[in-house]
Engineer: 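Sharing a structure here in C-alpha cells format.
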Amino acid sequence: MSLSPVYAAHCLIRGVTSNAHTLEVFLDFTCPFSAKIWKTLYKQVVPNIKSLNLPVTIIFRHQVQPWHPTSTLLHEASLAVEKLNPSGFAGFLDVLFDKQRDYFDEATVNLTRNQIYHKLAELALSINAVDDNQALLQLLDIESSDDPKNSGNAVSADLKYHIKLARAQGIHVSPTVVFDGIRDDSVSSSWTLDQFQKWLLPKLSM
C-alpha cells in the first residue's frame with residue numbers, strides 16, 4: 001500500500017528503483033514481539049538492504065493493541081514527534097521499543113494520561129528527537145473540562161487514520177508483515193538477518 005506524504009518519515013528505507021517492492025511492518029510499541037522484530041529490522045535488515053542496494057522499501061505501520069492500554073499514548077507521541085521533526089521519527093521509534101518496559105502496565109498503573117505524555121516528551125528530548133518538549137506536549141496533552149467532549153488531542157485524527165489503514169488490510173495483531181500488499185504470517189519475530197535474507201531475496205526476482 002502507498003504511503004501518504006504526510007507520513008513520509010514512516011518509510012525507513014526507500015528502494016533504489018521506482019518499481020521497488022514494499023515491505024510493511026505493523027508493530028505495537030508495548031508488544032515484546034514487536035520490539036524483537038524491530039531490533040532485527042532496524043539494526044540489521046535495513047542496513048543490509050542499503051548496503052546491497054536492494055529494490056525494497058520498508059514502511060513502519062502502527063498496530064495499537066487494546067490489551068496494551070498505554071500503547072495508544074506511545075503511538076500518539078511518535079506521530080507528534082514526526083509532525084515536529086520528521087528526521088527524528090525513526091530514532092524515537094527505536095528508543096520507544098528499547099524503553100518499552102517503562103510503559104508496561106505495572107510501570108504506569110499509577111500514572112495519569114498526561115503524566116505519561118510528559119514522560120514521553122522528556123524521552124524524546126533526551127535523544128534530540130525534538131528540540132522543545134513543550135511543543136510536543138502541546139500536541140499531546142489533554143485539558144480537563146467541566147463540559148467533556150471526548151475530543152482527543154492534536155494527533156488523534158492521525159492515529160485514527162493509521163488504525164483505519166490497518167483495519168482495512170485485516171491486521172489484527174503485532175507484529176504483522178505485509179509484502180507487496182499480501183500479508184505473510186510465516187514471518188517470525190525471532191528471525192535472524194540470515195532468515196530474513198532467505199525469505200526476502202527470492203521474492204525480489206518474482
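Computed from a predicted structure; not experimentally measured.
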Engineer: Would Phe89 and His10 count as a close aromatic pair, with their ring centres under 6.0 Å?
Structural biologist: yes
Engineer: Could you give the distance from CG (Leu200) to CD (Gln195), rounded to the nearest 0.5 Å?
Structural biologist: 13.5 Å
Engineer: Parallel, tilted or perpendicular: which one describes the rings of Trp38 and Tyr42, with boundaries at 30° and 60°?
Structural biologist: parallel
Engineer: Answer yes if the side chains of Asp184 and Ser186 hold a donor-acceptor pair under 3.5 Å, and no otherwise.
Structural biologist: yes
Engineer: Would you tell me whether Thr30 and Asp28 have side-chain atoms, one donor and one acceptor, within less than 3.5 Å of each other?
Structural biologist: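 Yes.
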Engineer: Before we go on, tell me: are the rings of Phe29 and His68 under 6.0 Å apart, centre to centre?
Structural biologist: no
Engineer: Apply side-chain hydrogen bond (donor to acceptor under 3.5 Å, both in side chains) to Asn85 and Ser87, showing your working.
Structural biologist: CA-CA 5 Å; Asn85 179 27; Ser87 65; 2.7 Å; yes
Engineer: Can we say Lys119 and Asp102 salt-bridge, meaning some charged N sits less than 4.0 Å from an Asp/Glu carboxylate O?
Structural biologist: no
Engineer: When you check the gap from the basic side-chain N to the acidic O, do Arg101 and Glu106 get nearer than 4.0 Å?
Structural biologist: no
Engineer: Hey, mind stepping through Tyr117 and Leu73 against side-chain contact (heavy atoms from CB on, under 4.5 Å) and telling me if it holds?
Structural biologist: CA-CA 7 Å; Tyr117 285 146; Leu73 311 187; 3.5 Å; yes
Engineer: Could you tell me whether the side chains of Ser174 and Gln65 share a donor-acceptor contact shorter than 3.5 Å?
Structural biologist: yes
Engineer: Parallel, tilted or perpendicular: which describes the rings of His21 and Phe179, with under 30° parallel and over 60° perpendicular?
Structural biologist: parallel
Engineer: Which value, rounded to the nearest 0.5 Å, describes the distance between Leu123 atom CG and Asn133 atom CG?
Structural biologist: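 Interatomic distance, Leu123 CG to Asn133 CG, rounded to 0.5 Å: 11.0 Å.
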Engineer: After noting the C-alpha distance and the side-chain angles of Asp94 and Lys39, does the key distance pass the salt bridge (charged side-chain N to carboxylate O under 4.0 Å, His left out) rule?
Structural biologist: CA-CA 8 Å; Asp94 193 41; Lys39 184 176 181 181; over 6 Å; no
Engineer: Got a salt bridge between Arg183 and Asp185, using NZ or NE/NH1/NH2 to carboxylate O under 4.0 Å?
Structural biologist: yes
